[in-house]
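Here the structure comes first, spelled out in structure tokens, and everything after it is commentary.
All of these numbers come straight from a predicted model, not from anything done at the bench.
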Amino acid sequence: MSVAFVPERLRGKAEVNQDTLQRLLEENDQLIRCIVEYQSKGRATDCVQYQHILHRNLIYLATIADATPPSTQKTAD
């Protein structure tokens with residue numbers, strides 16, 4: 001199960017920390033690798049479930065980024 005998935009009853013209560021974000025980024029990396037592998041084997045329809053999870057993860061990360069105050073965001077200098 002994706003680390004971005006949070007049951008309805010726990011939404012808004014989950015603590016977002018650096019370890020969680022790192023695991024999510026690593027999961028996204030693995031999802032992308034699976035998607036590419038399926039597509040290269042001509043099995044594009046088999047990778048749809050992974051694309052949905054990746055999409056959910058990316059939306060989750062974007063939501064966190066949007067909710068993070070500018071003073072706490074790290075910038076790449």
Separation of T20 OG1 from Y60 OH (nearest 0.5 Å): 7.0 Å
Side chain to side chain contact (heavy atoms under 4.5 Å, CB included) assessment of I64 paired with L21: CA-CA 10 Å; I64 291 169; L21 294 176; 3.9 Å; yes
Min side-chain heavy-atom separation L25-N57 under 4.5 Å: no
Pairwise distance SG(C34) to CG(D29) - rounded to 0.5 angstrom: 9.5 Å
Cationic N near anionic O, under 4.0 Å, E27 to R23: no
ILVMFWY cluster, L58 and L31 together (side-chain gap under 4.5 Å): yes
Check: T63/D66 side-chain N/O donor and acceptor closer than 3.5 Å: no
Cluster link V48 to I35, ILVMFWY, side chain under 4.5 Å: no
Steps toward salt bridge (Lys or Arg N to Asp or Glu O under 4.0 Å) verdict (R33, E37): CA-CA 6 Å; R33 291 174 191 272; E37 182 178 341; over 6 Å; no
Pair E26, Q30: side-chain N/O donor-acceptor within cut-off below 3.5 Å: no
Separation between CG of L24 and CG of D19, rounded to the nearest 0.5 Å: 12.5 Å
Residue that, paired with I53, satisfies side chain to side chain contact (heavy atoms under 4.5 Å, CB included) out of R56, H55, Q51: R56
Hydrophobic cluster identity match, L54 and V36, side-chain contacts under 4.5 Å: yes
